[in-house]
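What you are looking at is a predicted structure, and each value in this text was computed from that prediction instead of being measured.
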Amino acid sequence: MCQVIVISTAVLTFGIAVYRKYSSGSRYPNISLSAPLPGIPKPVFASVDGHEQCETKITTLENGLKVASQNKFGQFCTVGILVNSGSRHETKYPSGIAHFLEKLAFSSTAQYGSKDEILLTLEKHGGICDCQTSRDTTMYAVSAEVKGLDTVVSLLSDAVLQPRLLDEEIEMTRMAVRFELEDLNMRPDPEPLLTEMIHAAAYRGNTVGLPRFCPVDNVEKIDKKLLHTYLRSYYCPERMVLAGVGIEHEQLVACARKYLLDVKPVWGASTPTNVDLSVAQYTGGIVRDMSDVSLGPTPIPELTHIMIGLESCSFLEEDFIPFAVLNMMMGGGGSFSAGGPGKGMFTRLYLNVLNRHHWMYNATSYHHSYEDSGLLCIHASADPRQVREMVEIITREFIQMAGTAGEMELARAKTQLKSMLMMNLESRPVIFEDVGRQVLATGTRKLPHELCDLISNITASDIKRVTTKMLRSKPAVAALGDLTEMPSYEHIQAALSSKDGRLPRMYRLFR
């Protein structure tokens, strides 16, 4: 502390001396504060040559498993196994297997007698573990000290390929699944339920339209034998990626060869010939749920929630970036969320909807994209008596998307999307997921600066083109709550096919 004060005082004294010398009017009467001071050496700044430091390295092992890594400085790393397996692959099985596997993850294995043993092992390296499933991917991840990499990869291999799936663990999972299903229906926030409903409406009975959560009727049907049959088909090396962030690539490859190359899974030899390769078939349609959605620990207003979606594109297509910009331009949120920098208060759903219609509680745009299809939707909520008006406001916003985007709002949306992308990719777990998902889907990874260049090149004509194409698809509608005033599906479809997005007029003798 004393040294810092001495140095600071010396610098200050030097600065005053320089100021007095050159402000006296003798040699430099108008010295500029933005120009370098005479006699001081030119500073040398640290720089990274090209993008070598942020390149993702990928190696494919002899058994087909891909190993992908991204170096990031620090003493902690995030390592995990991503499997091309999710609820979309359950066509030939009872829905809910992916949900069960998520809850069963990191339970007892061939090497570890219980979940507690796994957690204690990770604690020695300051580690935590997690498993998440989506409609198309299952992700097992561990964050721990770099020094514990060998233990971490060994543990991941055991958790993914050697789970015991004991009867008592499956019974506990059944209880956990039932509780989660009850909680899902009682949550004040209906967004997870609406997302499930809109997928069921958009892809009726196929691929990403299959239930993400285990249906109540299937809870008792799922047992060890069924899980092994599923795992035999989908948990094979060709459908896996070992991804790591914060470690040397060669070190990760060495661990992969040691623990993942010649390991025989507990369910026996893989049978990848039984894999379901169905392509998502967009159908459109409507799913209604008229249950009371004002449940919960505290009384909240009884609202009706509507989500309307149209088919967009897969994340492998070039149009994915224009759709991402469009989604950011629509933005939106809740009426009672506090505003601030980057909140999106200048997005269309704030300016055109929430600012003008005080009775609307929510208007938010979402974009779901998969390897063979996608869905752009708007969620809105309001009092049940104003549902018809709310639906018309949403349909009008969809139609207005096809107009020419303003120069300033387009620039703002692109800047906001790039900002969100770069800020998210400062987090190690997010980089891990990005590396894993991209390599699993495409075998390569687009770097952030490449994505930013693609975003910068989007024009108003790109937005207009993708919107015009999207508006040709049949709408998918999810409706939750009191639907007495809800317009018919045919009327919503007619509104989205019209020039102004207005619903057909209805005349009633009695109201």
Side-chain angles (χ1 to χ4, degrees), residues 53-63 65-83 101-133 137-165 169 235 237 240-266 424-440 445:
Q53 296 297 319
C54 58
E55 273 186 12
T56 303
K57 295 180 180 177
I58 302 164
T59 301
T60 305
L61 301 186
E62 291 81 351
N63 61 356
L65 178 104
K66 290 185 180 69
V67 182
S69 75
Q70 176 82 50
N71 210 346
K72 184 179 169 70
F73 298 106
Q75 65 186 87
F76 276 80
C77 64
T78 300
V79 182
I81 294 175
L82 291 92
V83 189
L101 289 172
E102 179 186 74
K103 301 294 173 202
L104 282 163
F106 296 105
S107 295
S108 65
T109 67
Q111 194 179 335
Y112 300 93
S114 67
K115 192 165 197 165
D116 290 342
E117 271 189 49
I118 289 176
L119 297 176
L120 283 168
T121 304
L122 286 173
E123 272 182 27
K124 290 173 188 173
H125 301 284
I128 54 170
C129 61
D130 185 32
C131 177
Q132 293 177 9
T133 58
T137 311
T138 301
M139 184 171 66
Y140 298 80
V142 171
S143 284
E145 282 183 311
V146 178
K147 291 181 290 184
L149 180 66
D150 193 270
T151 307
V152 165
V153 177
S154 167
L155 190 150
L156 279 165
S157 170
D158 226 38
V160 175
L161 301 173
Q162 306 287 333
R164 286 185 181 173
L165 304 179
E169 290 172 345
Y235 276 46
M240 292 183 186
V241 169
L242 174 68
V245 175
I247 31 74
E248 293 292 336
H249 186 69
E250 292 73 21
Q251 202 179 349
L252 187 62
V253 171
C255 289
R257 288 187 183 282
K258 187 176 175 183
Y259 297 111
L260 291 162
L261 190 55
D262 297 313
V263 180
K264 189 180 178 185
V266 72
N424 283 338
L425 288 172
E426 285 180 11
S427 163
R428 193 180 62 250
V430 175
I431 300 172
F432 158 76
E433 190 172 341
D434 182 51
V435 169
R437 283 183 181 276
Q438 284 203 52
V439 173
L440 191 66
R445 184 190 178 220

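Nearest approach of Ile81 to Ser157, heavy atoms of both residues: CD1-N, 4.4 Å. Shortest non-hydrogen contact noted between Leu156 and Gly80 is CD1-CA, 3.8 Å. The two residues Ala243 and Val435 come nearest to each other via the heavy atoms CB-CG1, 4.4 Å. When every heavy atom of Ala68 is checked against every heavy atom of Val241, the shortest pair comes out as CB-CG1, 4.4 Å. Shortest non-hydrogen contact noted between Cys129 and Leu119 is SG-CD2, 3.9 Å. Considering all non-hydrogen atoms of both residues, Ser108 and Gly113 come closest at CB-O, 3.2 Å.
Counting heavy atoms from C-beta outward, Thr138 and Glu102 have side chains that stay 4.5 Å or more apart. The closest side-chain heavy-atom distance from Leu260 to Pro237 is not below 4.5 Å. A heavy-atom distance below 4.5 Å is not found between the side chains of Phe106 and Tyr112. For the pair Glu62/Arg257, a side-chain contact is recorded, criterion being any heavy-atom separation below 4.5 Å from C-beta on. Contact of the Leu425 side chain with the Ile431 side chain is registered, since non-hydrogen atoms from C-beta on lie closer than 4.5 Å. With a 4.5 Å cut-off on side-chain heavy atoms, Thr137 and Gln132 do not count as touching. Two residues are said to be in side-chain contact when any heavy atoms from C-beta on lie closer than 4.5 Å; Met240 and Leu161 meet this criterion. Between Leu122 and Leu155, some side-chain heavy-atom pair lies under the 4.5 Å cut-off.
For the atom pair NZ of Lys258 and OG of Ser154, the computed distance is 8.0 Å after rounding to the nearest 0.5 Å. In this structure, Asn63 CG and Asp262 CG are separated by 7.5 Å, a value rounded to the nearest 0.5 Å. Atom-to-atom distance recorded for Glu123:CD and Ile118:CD1 is 12.5 Å, nearest 0.5 angstrom. Of the inter-residue distances, the one linking Glu169 atom CD with Leu104 atom CG reads 7.0 Å to the nearest 0.5 angstrom. In this structure, NZ in Lys72 is found 7.5 Å from CD in Glu426, a value given to the nearest 0.5 Å. Atom CE of Met139 is separated from atom CG of Leu440 by 11.0 Å, given to the nearest 0.5 angstrom.
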Note to self: The test is side chain to side chain contact (heavy atoms under 4.5 Å, CB included); show your working for Thr151 and His125 and say whether it passes.
What the structure shows: CA-CA 9 Å; Thr151 307; His125 301 284; 3.6 Å; yes

Margin query: Under the criterion side chain to side chain contact (heavy atoms under 4.5 Å, CB included), I'd like the reasoning laid out for Leu82 against Phe432: C-alpha separation, chi angles, the key distance, then a yes or no.
Written below: CA-CA 10 Å; Leu82 291 92; Phe432 158 76; 3.8 Å; yes

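Side-chain N/O atoms of Arg428 and Thr78 include a donor and acceptor closer than 3.5 Å. Residues Tyr259 and Asp150 have side chains that bring a donor and an acceptor to within less than 3.5 angstrom of each other.
The environment of NZ in Lys57 is sparse: at most 12 heavy-atom neighbours from other residues, nucleotides or ligands sit within 6.0 Å.
Formation of a donor-acceptor pair under 3.5 Å by the Gln162 side chain with backbone atoms of Lys264 is found in this model. Distance alone, capped at 3.5 Å, places no donor-acceptor pair between the Asp158 side chain and the Thr109 backbone.
Of the candidates Val142, Val245, Asn71, Ile247, Ile247 is the only one forming a side chain to side chain contact (heavy atoms under 4.5 Å, CB included) with Cys77.
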